[in-house]
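Each chain gets a letter, A, B and so on, in the order the sequences are listed, and its residues count up from 1.
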Amino acid sequence: MPPKRAAASKRKLEEDSESEVDAATSKFASDASDSDAPSTSKPKAKKAKTTKAPKAAKPKPAKAAKPINDQPTNKTLPDEIQFPAKNEGCVRIATWNICGLAAAQKKGFKHYMEAEDADVLILTETKVNNDPVDPMLTNRYPHRYWSISDKKTYSGTAILSKIKPLSVDYTLPGHPDPKSIKGRIVTLEFESLYLIGTYVVNAGTGLKTLDAKNEWNKHFTTYIRDLDRKKPVIWGGDLNVAPTEIDLANPKTNWNKTPGYTEAETRAFAEILTPPEKEGAKPMIDTWRKMHPETRHYTYFSYRFNCREKGLGWRLDTCKFFIFVIWHSLILISLFLLVVGILLWWNMR
DNA sequence: TCGCATGGGAC
DNA sequence: TGCCTTGCGC
DNA sequence: GTCCCATCCTAGCGCAAGGCA
């Protein structure tokens, strides 16, 4: 049954700045056999229904604030999007939290995909229940890996690639509840590196799922360290954390209250980036922050309070790429962080 | 998850 | 069967 | 009285599933 929001279905698409990495790597590709493993989805038990009094409508402020940081405020995807040309010999990796593939496709996902022409595209919150067979995707990306949640139309992570990986993994080793991880992680192993795409657990309204997130962080940290001992790692996707106070517009009022900016989350993230000395692990690089040490640029804006227009956002969901230990690798010849873009992210939390 | 109103404590 | 409402997550 | 801080309350979207004519 189609959703019946039509009458009130305002087209709500927020564009965000997008981060992307062109990582030149002549040996990125491999001759390994294709390991596209289909994910399956299972019907979920229906949710318990509770009665709730309808909220009283409140008049909205008609304030037309001035955009801040020159960030785009349009809510629909333009038909024509331009990105800088790819560098010769580079592999372009991009990430986008699409908040529903079906919805994204209605709103111009195709335009973005054609314009960006990423070699590897990480998608999060796909909300798909089966591996999509859309020719638009299959023609451009011969290798597609969909991690699908057991919970219908919930979470979902995918990596679409023009390059064939050696192997693919949809698990987070060591996590005590593998079911809760389904749909949140895809790891591709290439000849020269690992690429991880994640849709990290959201700490939830009232931080009610912070414990689950802490559990995720604990095991993910171990996992990424283990991989890094073997090959360099690139990690992208929706990381659901604003690492530092310059990664969100109002750090003071949100500290330890709002999911994405709590002590537990920021500390866990910092420890992934800069492992404690005793662990002997190599430090990792937040590429966006490395190249834009002071820029306040956000990837997420709340629907509430006209945050988009006011420039009140967070750098938390997409736009984060972390290239780990690239310097010891001869494979990665150059690294360019291109923050141009139109990131299409109309998620809300 | 912003910005305002409200209330309480410190000074 | 299909429109409409409700609930949930973010 | 003034300042500071904590707390409260709030929007809009995508989607599935249930209610009901």
Among [options], the one nearest [X] by side-chain distance:
X: A:Thr153; options: C:dC10, D:dA16, B:dC2; result: D:dA16
X: A:Asn254; options: B:dC2, D:dC15, C:dC10; result: B:dC2
X: A:Thr258; options: D:dC15, B:dT1, C:dC10; result: B:dT1
X: A:Lys208; options: B:dG3, C:dG9, C:dC10; result: C:dG9
X: A:Tyr199; options: D:dC15, D:dA16, C:dC10; result: C:dC10
X: A:Asn129; options: D:dA16, B:dT1, C:dC10; result: D:dA16
X: A:Leu312; options: B:dG3, C:dC10, B:dT1; result: B:dG3

With a cut-off of less than 4.0 Å, is there a side-chain N or O of [X] near OP1 or OP2 of [N]?
X: A:Lys152; N: D:dC15; result: no
X: A:Trp314; N: C:dC10; result: no
X: A:Asn250; N: B:dT1; result: no
X: A:Tyr154; N: C:dC10; result: yes

Report the distance from atom [atom1] of [X] to atom [atom2] of [N], rounded to the nearest whole Å.
X: A:Glu125; N: D:dC13; atom1: CD; atom2: C1'; value: 11 Å
X: A:Glu265; N: C:dC10; atom1: CD; atom2: C1'; value: 14 Å
X: A:Lys127; N: C:dG9; atom1: NZ; atom2: C1'; value: 7 Å
X: A:Lys213; N: C:dG9; atom1: NZ; atom2: C1'; value: 14 Å
X: A:Tyr300; N: C:dG9; atom1: OH; atom2: C1'; value: 12 Å
X: A:Gln105; N: D:dC15; atom1: CD; atom2: C1'; value: 15 Å
X: A:Ile98; N: C:dG9; atom1: CD1; atom2: P; value: 20 Å
X: A:Tyr298; N: B:dT1; atom1: OH; atom2: P; value: 13 Å

> Which atoms form the tightest heavy-atom contact between A:Ser155 and A:Lys182, and what is the distance?
Replying inline: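 Looks like OG-O, 4.0 Å.
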> Looking across every strand, which nucleic acid part, if any, lies under 4.0 Å from A:Ala102 by heavy atom: base, sugar-phosphate, or nothing?
Replying inline: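 Sugar-phosphate, no base atom in range.
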> Which word best sums up how the rings of A:Phe220 and A:Trp235 line up, parallel for under 30°, tilted for 30 to 60°, or perpendicular for over 60°?
Replying inline: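 The arrangement is tilted - the two ring planes meet at 30° to 60°.
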>> Taking pairing as Watson-Crick or G-U wobble with both contacts under 3.5 Å, can you name the mate of B:dC4, or confirm there isn't one?
In response: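 Across all strands, not a single nucleotide pairs with B:dC4.
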Give every donor-acceptor pair under 3.5 Å between a side-chain atom in residues 266-275 of chain A and any protein atom, sequence neighbours left out.
from     : atom 1 : to       : atom 2 : distance (Å)
A:Thr266 : OG1    : A:Thr262 : O      : 2.9
A:Thr266 : OG1    : A:Glu263 : O      : 3.3

Whole-Å [atom1] distance, [N] and [M]:
N: C:dT5; M: B:dA5; atom1: P; value: 34 Å
N: B:dT6; M: D:dA11; atom1: C1'; value: 22 Å
N: D:dC5; M: B:dT1; atom1: P; value: 23 Å

> Does A:Glu189 come within less than 4.0 Å of A:Lys231, counting only side-chain N to carboxylate O?
Replying inline: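 Judged by the 4.0 Å cut-off on N to carboxylate O distance, A:Glu189 and A:Lys231 do form a salt bridge.
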>> Could you check whether any side-chain heavy atom of A:Val91 comes within less than 4.5 Å of a side-chain heavy atom of A:Ile163, counting everything from C-beta outward?
In response: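 Yes, close enough: below the 4.5 Å cut-off.
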>> Holding to salt bridge (Lys or Arg N to Asp or Glu O under 4.0 Å), I want the full list of residues that pass it with A:Asp117, two or more places apart in sequence or in another chain.
In response: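 Scan of A:Asp117 (salt bridge (Lys or Arg N to Asp or Glu O under 4.0 Å), adjacent residues dropped) gives A:Lys86, A:Arg140, A:Lys162.
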